[in-house]
Amino acid sequence: MRLRTVLVTLYDGVEALDVTGPVGVLAGANTYLAATAPGQSGYRIATASPGGSAVESLSGVTLMPDVDLAGAEVPHTLLVPGGAGGVPEAGAGHPDVVSWLKENGAKAERVVSVCTGAFLLAEAGLLAGRRVTTHWDSAGELAQRYPGVAVEPDSIFIRDGSVYTSAGVTAGIDLALALVEEDIGREAALTVARYMVVFLRRSGGQGQFSTQMQAQLAHRQELRELQQWIADHPDADLSVDALAQRVNLSARQFTRAFAEETGVTPGRYVANTRLETARRLLEDTDDDVVRIAALSGYATTEAMRRAFQRVLGLSPSQYRTRCG
């Protein structure tokens with residue numbers, strides 16, 4: 001296993017979590033290797049800013065780089081985080097970073113962006129003709145400004161050749177876990193994910209919003225708590241009558257209130273939750289489809305298969321193969 005150098009670009013207004021999230025994952029992989037395979041190489045991580053100066057992150061936290069970007073060696077993995085405004089200022093706001101990326105970015109074996117870091121890569125000409133993603137709120141602007149880039153706004157992360165792009169903040173962690181799995185193995189990525197208390201791993205093609213995020217949070221506390229309860233108990237009786245009873249409403253009152261406050265019917269919310277649960281279990285476990293169907297709340301494996309075909313156009317087995 002060879003050592004992989006990682007260079008993270010810093011600049012004023014950078015989103016600190018876009019830096020520390022992926023770096024934390026890679027550092028965790030180093031810790032895993034030290035414990036399980038002493039002497040094996042992992043990642044050598046360095047940060048760099050124009051002039052080697054300290055930068056003030058978007059949150060106000062000051063970050064001190066390791067080296068001056070101008071003198072930084074081309075790494076194996078170049079990681080470009082997002083930041084303030086990232087959008088209109090991507091080129092004009094950070095000319096030194098863009099200039100360095102234009103000269104050196106294509107020399108890296110792997111180029112990675114988190115969130116609006118994609119704008120810096122696009123400005124440097126590194127995304128031309130590629131499939132990419134970015135934060136959902138900036139995807140339209142990225143597509144408009146760089147028409148030669150194929151923007152897919154709903155993906156968590158996308159790999160197109162040697163270029164990897166991801167959505168906002170936590171998606172950078174998902175992508176970093178995928179890199180660890182690619183470089184070192186699934187067990188390493190799983191160990192890091194467990195330590196960081198995150199899922200291993202949301203697949204790149206999974207939507208940026210979970211069922212709970214896609215739906216509005218209900219105004220009433222009892223309905224908000226019910227939304228969480230549904231997510232935690234997809235295999236329970238989630239019929240309208242059973243759910244209505246949990247919040248002490250008639251079935252008619254509950255159906256109307258839930259739809260008004262969340263924007264979706266109870267039935268649709270339950271169906272989305274069960275499908276999301278099944279997708280995660282197919283990605284993150286080795287359980288067979290019979291067990292996954294039961295844990296996700298489907299009466300039969302055929303019911304789960306029909307749900308997958310209707311929404312994703314794939315069978316559960318095809319989905320697992322594609323995400324494996």
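We count residues from 1, following the sequence as given.
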Greater than 12 external heavy atoms within 6.0 Å of Gln245's CD: no
Are Ile230 and Leu243 close enough, and set up right, to give a side chain to side chain contact (heavy atoms under 4.5 Å, CB included), and what steps lead you there? CA-CA 9 Å; Ile230 292 171; Leu243 294 175; 4.0 Å; yes
Please determine whether the number of non-hydrogen atoms from other residues, nucleotides or ligands lying under 6.0 Å from atom CD of Glu302 exceeds 12. yes
Using a 4.5 Å cut-off on heavy atoms from C-beta on, say whether the side chain of Val112 contacts that of Val6. no
Sub-3.5 Å donor-acceptor pair from the side chain of Thr116 to the main-chain atoms of Phe119, do we have one? no
Grouping I, L, V, M, F, W and Y whenever their side-chain heavy atoms are under 4.5 Å apart, do Val311 and Met304 come out in a common cluster? yes
Within this structure, what is the NE2-OG distance for the pair His94 and Ser99, rounded to the nearest 0.5 Å? 14.0 Å
Determine yes or no for a side-chain-to-main-chain donor-acceptor pair under 3.5 angstrom, with Gln253 supplying the side chain and Ser250 the backbone. yes
Check the surroundings of atom CG in Asp232: do more than 12 heavy atoms from other residues, nucleotides or ligands lie under 6.0 Å from it? yes
About how many Å separate CG of Leu249 and CZ of Arg256, when rounded to the nearest 0.5 Å? 9.5 Å
Donor-acceptor pair, Thr165 side chain versus Thr133 backbone, under 3.5 Å? yes
Which is it for Ser239 and Asp237 under the side chain to side chain donor-acceptor pair (under 3.5 Å) test, yes or no, and what are the steps along the way? CA-CA 6 Å; Ser239 65; Asp237 179 0; 3.0 Å; yes
Taking the side chain as C-beta and beyond, is there a heavy-atom pair between Pro81 and Val8 under 4.5 Å? yes
In terms of the angle between their ring planes, are Phe258 and Tyr269 parallel, tilted or perpendicular, with boundaries placed at 30° and 60°? perpendicular
Please check this pair: side chain of Ser166 against backbone of Ile156, looking for a donor-acceptor N/O pair closer than 3.5 Å. no
Would you give the length of the straight line joining atom CG of Asp288 to atom OG1 of Thr285, rounded to the nearest 0.5 angstrom? 9.0 Å
Short question: side chain of Arg320, backbone of Leu282 - any donor-acceptor pair under 3.5 Å? yes
Closest heavy-atom pair, Gly83 versus Tyr11, reported as atoms and distance to 0.1 Å, is N-OH, 3.2 Å
Side-chain donor or acceptor of Arg305 paired with backbone N/O of Ser315 under 3.5 Å: no
Quick one: are Glu123 and Arg145 in side-chain contact, heavy atoms under 4.5 Å? yes
Apply side chain to side chain contact (heavy atoms under 4.5 Å, CB included) to the pair Leu127 and Val163, showing each step before the final yes or no. CA-CA 8 Å; Leu127 300 186; Val163 175; 3.6 Å; yes
If you look at every heavy atom in Ala106 and Leu126, which pair is closest and at what distance? N-CD2, 3.7 Å
Can you list the steps and then say if Thr47 with Leu63 is a side chain to side chain contact (heavy atoms under 4.5 Å, CB included)? CA-CA 9 Å; Thr47 56; Leu63 301 177; over 6 Å; no
Mind listing the side-chain donor-acceptor pairs of residues 68-78 below 3.5 Å, one per line with the distance, residues two or more places apart or on another chain?
residue	atom	partner	partner atom	Å
Asp68	OD1	Gly51	N	3.0
Asp68	OD1	Ala70	N	2.9
His76	NE2	Arg2	NH2	3.4
Thr77	OG1	Arg110	NE	3.1
Thr77	OG1	Arg110	NH2	3.1

Are Thr36 and Thr191 side-chain neighbours, meaning at least one heavy-atom pair lies under 4.5 Å? no
Report the C-alpha distance between Arg4 and Tyr43 in whole Å, list the side-chain angles of each, state the deciding distance to 0.1 Å, and finish with yes or no for side chain to side chain donor-acceptor pair (under 3.5 Å). CA-CA 5 Å; Arg4 291 172 172 84; Tyr43 302 99; 5.7 Å; no
Looking only at non-hydrogen atoms, find the nearest pair between Val98 and Ala124 and report the distance. O-CB, 4.0 Å
Give a yes or no answer on whether the side chain of Asp287 reaches the backbone of Ile292 with a donor-acceptor pair at less than 3.5 Å. no
Given 3.5 Å as the limit, does a donor-acceptor pair link the side chain of Tyr298 with the main chain of Leu275, or not? yes
Is Glu261 reaching over with its side chain to a backbone N or O of Arg220, donor-acceptor style, under 3.5 angstrom? yes
Rounded to the nearest 0.5 Å, what separates atom CD1 in Ile173 from atom CG in Leu17? 7.5 Å
If you group Ile, Leu, Val, Met, Phe, Trp and Tyr by side-chain heavy-atom gaps below 4.5 Å, do Met64 and Val23 land in one group? no
Closest heavy-atom contact between Val192 and Gly28? CG2-C, 3.6 Å
Any idea which heavy atoms bring Arg159 and Arg131 closest together, and the distance? O-NH1, 3.8 Å
What heavy-atom pair brings Ser162 and Glu109 nearest, and what distance separates the two atoms? CB-O, 3.3 Å
Would you indicate whether the side-chain heavy atoms of Arg280 and Thr277 approach each other to under 4.5 Å? yes
Which donor-acceptor pairs under 3.5 Å do side chains of residues 52-59 form with protein atoms, sequence neighbours excluded?
residue	atom	partner	partner atom	Å
Ser57	OG	Ser59	OG	3.1
Ser57	OG	Val61	N	3.1
Ser57	OG	Val61	O	2.7

Would you say Asn248 and Phe254 make side-chain contact, with heavy atoms under 4.5 Å? no
Separation between CG of Leu177 and CG of Leu190, rounded to the nearest 0.5 Å: 9.5 Å
Might you work through the salt bridge (Lys or Arg N to Asp or Glu O under 4.0 Å) test for Arg279 and Glu276, ending with a clear yes or no? CA-CA 5 Å; Arg279 289 172 66 174; Glu276 183 177 291; over 6 Å; no
Leu3 CG to Asn30 CG distance, which is reported to the nearest 0.5 Å: 8.5 Å
Min side-chain heavy-atom separation Leu142-Tyr146 under 4.5 Å: yes
Backbone of Ala189 reached by a side-chain donor or acceptor of Tyr32 within 3.5 Å: no
